[in-house]
Amino acid sequence: TQLLEQSPQFLSIQEGENLTVYCNSSSVFSSLQWYRQEPGEGPVLLVTVVTGGEVKKLKRLTFQFGDARKDSSLHITAAQPGDTGLYLCAGEGNSGYALNFGKGTSLLVTP
Amino acid sequence: SAVISQKPSRDICQRGTSLTIQCQVDSQVTMMFWYRQQPGQSLTLIATANQGSEATYESGFVIDKFPISRPNLTFSTLTVSNMSPEDSSIYLCSVTTGADYTFGSGTRLTVV
């Protein structure tokens with residue numbers, strides 16, 4: 001199993017602050033995905049990064065895939081209470097279609 | 001993206017009983033997956049359900065405990081058998097079309 005280490009596990013910040021979540025592995029992934037999950041719902045895909053060094057932006061969210069395709073980061077600028085949720089990184093390995101998930105980062109943004 | 005209807009959304013069950021969770025997809029998909037998630041924690045893959053063949057189980061999960069059916073390309077069930085309080089968790093199904101992954105809204109199971 002290709003393990004994904006995600007940090008921090010918990011993050012509580014005030015509205016307007018910036019934050020970065022990290023997803024690291026010793027394994028190479030063909031792609032990495034970031035999901036956000038709210039209570040009572042399944043994870044919802046935010047972005048997929050495929051190319052080493054790739055940077056993708058989704059409004060105030062910036063996603064980066066490491067050059068070696070072993071790590072990724074999610075940066076949120078000027079966080080808002082609506083960003084509150086569980087953020088999960090997941091990797092699709094080279095040998096199968098099932099996703100391996102990181103442990104998740106529980107983000108709380110207070111007004 | 002595919003749309004998944006997962007039922008039930010939650011249930012409270014007596015220990016020793018079994019619960020079957022259903023996932024219906026609005027399109028034909030080859031790969032379906034079943035995950036378990038402790039509240040506030042990440043997802044752990046239980047098994048991959050392929051139509052026309054036996055499900056493939058991950059380490060720590062066995063068919064006798066978590067039998068899976070996949071009668072066609074749009075439907076699958078996961079049964080949690082002979083339940084104990086340790087089985088209390090959220091169970092989710094997922095599908096991929098190759099381009100992306102979609103998840104059901106989950107079944108929150110409490111075993112008392």
Side-chain angles (χ1 to χ4, degrees), chain A residues 1-12 21-25 27 29-50 56 58 63 72 74 84-108, chain B residues 1-11 21 23-25 29-51 55-61 68 76 78 89-110:
Chain A
T1 302
Q2 297 165 285
L3 296 177
L4 284 164
E5 298 291 335
Q6 200 172 330
S7 62
Q9 187 176 356
F10 300 99
L11 195 53
S12 179
V21 178
Y22 299 93
C23 180
N24 298 297
S25 176
S27 303
F29 287 90
S30 57
S31 66
L32 275 180
Q33 303 180 5
W34 286 93
Y35 292 83
R36 187 165 80 96
Q37 184 181 22
E38 298 189 35
E41 299 293 331
V44 175
L45 179 67
L46 296 173
V47 78
T48 301
V49 286
V50 179
K56 283 190 173 179
L58 184 65
F63 304 85
S72 182
L74 157 61
T84 293
L86 180 67
Y87 289 81
L88 296 155
C89 68
E92 180 180 316
N94 294 322
S95 59
Y97 293 97
L99 292 175
N100 300 314
F101 281 87
K103 291 188 179 296
T105 295
S106 182
L107 172 64
L108 173 64
Chain B
S1 298
V3 176
I4 301 175
S5 173
Q6 183 172 343
K7 295 189 294 187
S9 60
R10 58 177 63 230
D11 207 342
I21 302 166
C23 272
Q24 178 73 52
V25 190
V29 291
T30 303
M31 310 289 287
M32 290 187 74
F33 309 98
W34 287 97
Y35 290 87
R36 184 170 70 183
Q37 182 181 28
Q38 299 290 337
Q41 297 187 27
S42 190
L43 285 74
T44 300
L45 181 67
I46 297 172
T48 300
N50 301 317
Q51 195 269 338
T56 303
Y57 289 82
E58 298 299 302
S59 176
F61 298 96
I68 288 171
S76 179
L78 169 76
S89 191
I90 300 168
Y91 293 85
L92 300 106
C93 63
S94 175
V95 301
T96 180
T97 58
D100 56 22
Y101 291 79
T102 306
F103 288 81
S105 56
T107 296
R108 181 179 290 271
L109 170 63
T110 302

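The model shown is predicted, which means the values in this text are computed figures rather than measured ones. The sequence lines fix the lettering, A, B, ..., with proteins before strands; numbering per chain opens at 1.
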If I take atom [atom1] from residue [X] and atom [atom2] from residue [Y], how far apart are they, to the nearest 0.5 angstrom?
X       : Y        : atom1 : atom2 : result
A:Glu41 : B:Ser9   : CD    : OG    : 10.0 Å
B:Leu43 : A:Asn100 : CG    : CG    : 11.5 Å
B:Ser42 : A:Leu4   : OG    : CG    : 9.0 Å
A:Leu88 : B:Phe103 : CG    : CZ    : 8.5 Å

Check: Is the number of heavy atoms from other residues, nucleotides or ligands under 6.0 Å of A:Lys56 NZ greater than 12?
Finding: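 Enclosed.
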Next item on the list: Step through the shown structure and confirm whether more than 12 heavy atoms of other residues, nucleotides or ligands are within 6.0 Å of CZ on B:Phe61.
Entry: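 Yes - once you tally the heavy atoms of other residues, nucleotides and ligands closer than 6.0 Å, there are more than 12.
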Notebook entry, point to check: Can the ring centroids of B:Tyr101 and A:Tyr35 be said to lie less than 6.0 angstrom from one another?
Noted result: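 Centroid separation for B:Tyr101 and A:Tyr35: 6.0 Å or greater.
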Margin query: Can you tell me which portion of B:Gln37 sits under 4.5 Å from chain A's heavy atoms? Options are side chain, backbone, both or neither.
Written below: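 The side chain, not the backbone.
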Check: Checking heavy atoms, do the side chain of B:Leu45, its backbone, both or neither come under 4.5 Å from chain A?
Finding: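 Contact with chain A is through the side chain of B:Leu45 alone.
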Notebook entry, point to check: So what's closer than 4.5 Å to chain B heavy atoms on A:Gln9: side chain, backbone, both or neither?
Noted result: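 Looking at A:Gln9, nothing touches chain B.
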Margin query: Could you walk me through whether B:Tyr35 and A:Phe101 satisfy the ring-ring contact (aromatic ring centres under 6.0 Å, His included) test, starting with their C-alpha distance in whole Å, then the side-chain angles of each, then the deciding distance to 0.1 Å, before giving a yes or no?
Written below: CA-CA 10 Å; B:Tyr35 290 87; A:Phe101 281 87; 5.6 Å; yes
Note to self: Ignoring hydrogens, what is the shortest heavy-atom contact between B:Leu92 and A:Gln37? Give both atom names and the distance.
What the structure shows: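 Heavy atoms of B:Leu92 and A:Gln37 come nearest at CD2-NE2, 4.3 Å.
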